[in-house]
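When a ligand or atom number is given, it counts from 1 through the structure's own listing order.
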Amino acid sequence: MIEPEKIRVLGIETSCDETAAAIVERDATGRAEILSNVVRSQIEEHKDFGGVVPEIAARAHIEILDTLIAQAMSEAGLSFDRLDAVAVTAGPGLVGGLMVGLMTAKAICYAHDLPLLGINHLEGHALTPGLTDNVLPPYLLLLVSGGHTQMQIVQAVGSYRRVGTTVDDALGEAFDKVAKLMGLGYPGGPQVASWAKRGDDRRFDFPRPMKGRDELNFSFSGLKTAVRQRAMRLAPLSGRDIADLCASFERAACEAVADRVGRAMEQYAGLMGSSGPALRLVVAGGVAANRRLRAALAGLAKEKGFVLDVPPVELCTDNAAMIAWAGVEHLLLGRRDGLDLPARARWPLDEKAGALASYGKKGMKA
Ligand code: KG4
Ligand code: ZN
């Protein structure tokens, strides 16, 4: 274990369609400060294909990563010798992109004699409340992004128990597919959310998959198919139809999520007992930007006596500050990786829950 005055870690993230570099500093009291946080999205590169193309993603990471790292270092006003470690996403994700990040991190570590830490991308999301609000485990985590939809009990740094995951599409993926079938552009989540604001969320009664079940898994592909079938029957779609389909889909999806999370909260509260620390729900991932979902979860937290913690949107979506922070935590635990560290396309946060993992368009979900 090391506990110096200040720890500074460079984080690198290239697991999907964002290239990111950031420097995070932790002071002796445990508080985090983001010294720089640079993110470049590849939306333009993938837009015409309606989704992320792995080969294009890897090439785009190669082209920009060096420049982003230089920018992050210069914004933080640091040279490499002032760093304590380099933390890099080693999985799960698209393997070409992961390899770009890993090779770069290894080169920096080798050249400047720094420790290398391979970070699980999901752990970056899971530990973000420590970075943003100094909130430490335990808490219940809902991770909802384009590639992942799962609930984890975050017991401590390095100790996670997955209690639910999607059996088919991730929530963001469902938003993206619904947008695509209506020709709304990519990424679809923000488009669907914006059309939904103008729509009637009760015009169509779509299914709430898994509602009422005891086990805590999610499913969104049946809901997406129901939207597709209704859209095909209505075609050609008017502006009103699109808005109503988006609103009714969004409502059904959020109610389905709230049902699963409500059930998880009850089980988590039973597990923690009444004398433990405050019950907390943390929400992370790009879909945490959705207003209806936030409102539903805020209502649920109030009803069940939970404190709700949603990091700011720019730290809910993919970024390297969360990877740097997870690196800080692992450095404190004395972990180091070798320069032969491999990329892992599939890497469940809770290794024992591997059998539940499923495969999606953006790669392995865990
Ligand atoms: O975490 P993220 O930035 O990237 C990964 O997928 O890893 O999440 C992106 C996902 C996309 O599927 C996007 O459509 C969705 O989050 N998203 C939203 C909203 N903003 C982003 N979904 C619904 N409503 C939103 N406002
Ligand atoms: Zn992510």
- With the threshold set at 4.0 Å, does a side-chain nitrogen-carboxylate oxygen contact exist between Asp201 and Arg292? yes

- Item | Residues Glu266 and Lys304 bridged, charged N to O under 4.0 Å | yes

- Message: For the Zn ion (ligand 2), give me the closest N/O/S atom belonging to His121, just the atom name.
- Response: NE2

- Atoms of ligand 1 under 4.0 Å from any heavy atom of Asp176, numbered from 1 in the order shown, are 11 (C), 12 (O), 13 (C), 14 (O)

- For Cys16 and ligand 1, answer yes if some heavy atom of the residue is under 4.0 Å from a ligand atom, otherwise no. no

- Task: Could you tell me which N, O or S atom of Asp318 is nearest to the Zn ion (ligand 2)?
- Result: OD1

- Task: Mark up the atoms of ligand 1 that fall under 4.0 Å of a heavy atom belonging to Gly189, in ascending order.
- Result: 14 (O), 18 (C), 19 (C), 22 (N), 23 (C), 24 (N), 25 (C)

- Message: With a cut-off of 2.8 Å, does Cys16 put an N/O/S atom close enough to the Zn ion (ligand 2)?
- Response: no

- Item | N or O contact, Phe175 vs ligand 1, cut-off under 3.5 Å | no

- Task: Verify the cluster assignment for Val144 and Val313: are they in a single hydrophobic cluster under the rule of side-chain heavy atoms below 4.5 Å apart?
- Result: no

- Point-to-point distance, once rounded to the nearest 0.5 Å, from NE2 of His148 to CG of Leu142: 13.0 Å

- Message: What verdict does the salt bridge (charged side-chain N to carboxylate O under 4.0 Å, His left out) test give for Arg162 and Asp350, after you've listed the backbone C-alpha separation in whole Å, the side-chain angles of each residue and the deciding distance to 0.1 Å?
- Response: CA-CA 6 Å; Arg162 189 162 76 188; Asp350 173 355; over 6 Å; no

- Task: Please work out which of the three classes, parallel, tilted or perpendicular, describes the rings of Phe220 and Phe218, given edges at 30° and 60°.
- Result: parallel

- Message: Using a plain distance cutoff, I'd like to know if Asp318 has any nitrogen or oxygen under 3.5 Å from a nitrogen or oxygen of ligand 1.
- Response: yes

- Item | Val283 with Val163, same ILVMFWY side-chain cluster at under 4.5 Å | yes

- Task: Look at atom 17 (N) of ligand 1 and find which of Cys316, Gly146, Gly286 reaches it with the closest heavy atom.
- Result: Gly286

- Has ligand 1 got any nitrogen or oxygen that is less than 3.5 angstrom from a nitrogen or oxygen of Asn290? yes

- Query: Can Phe175 and Phe249 be said to form a ring pair (Phe, Tyr, Trp, His ring centres under 6.0 Å), step by step?
  - Reply: CA-CA 9 Å; Phe175 270 87; Phe249 159 75; 5.0 Å; yes

- Message: I need the atoms of ligand 1 closer than 4.0 Å to a non-hydrogen atom of Gly172, numbered in the order shown.
- Response: 12 (O)

- Message: Please list, in number order, the atoms of ligand 1 under 4.0 Å from a heavy atom of Gly147.
- Response: 6 (O)

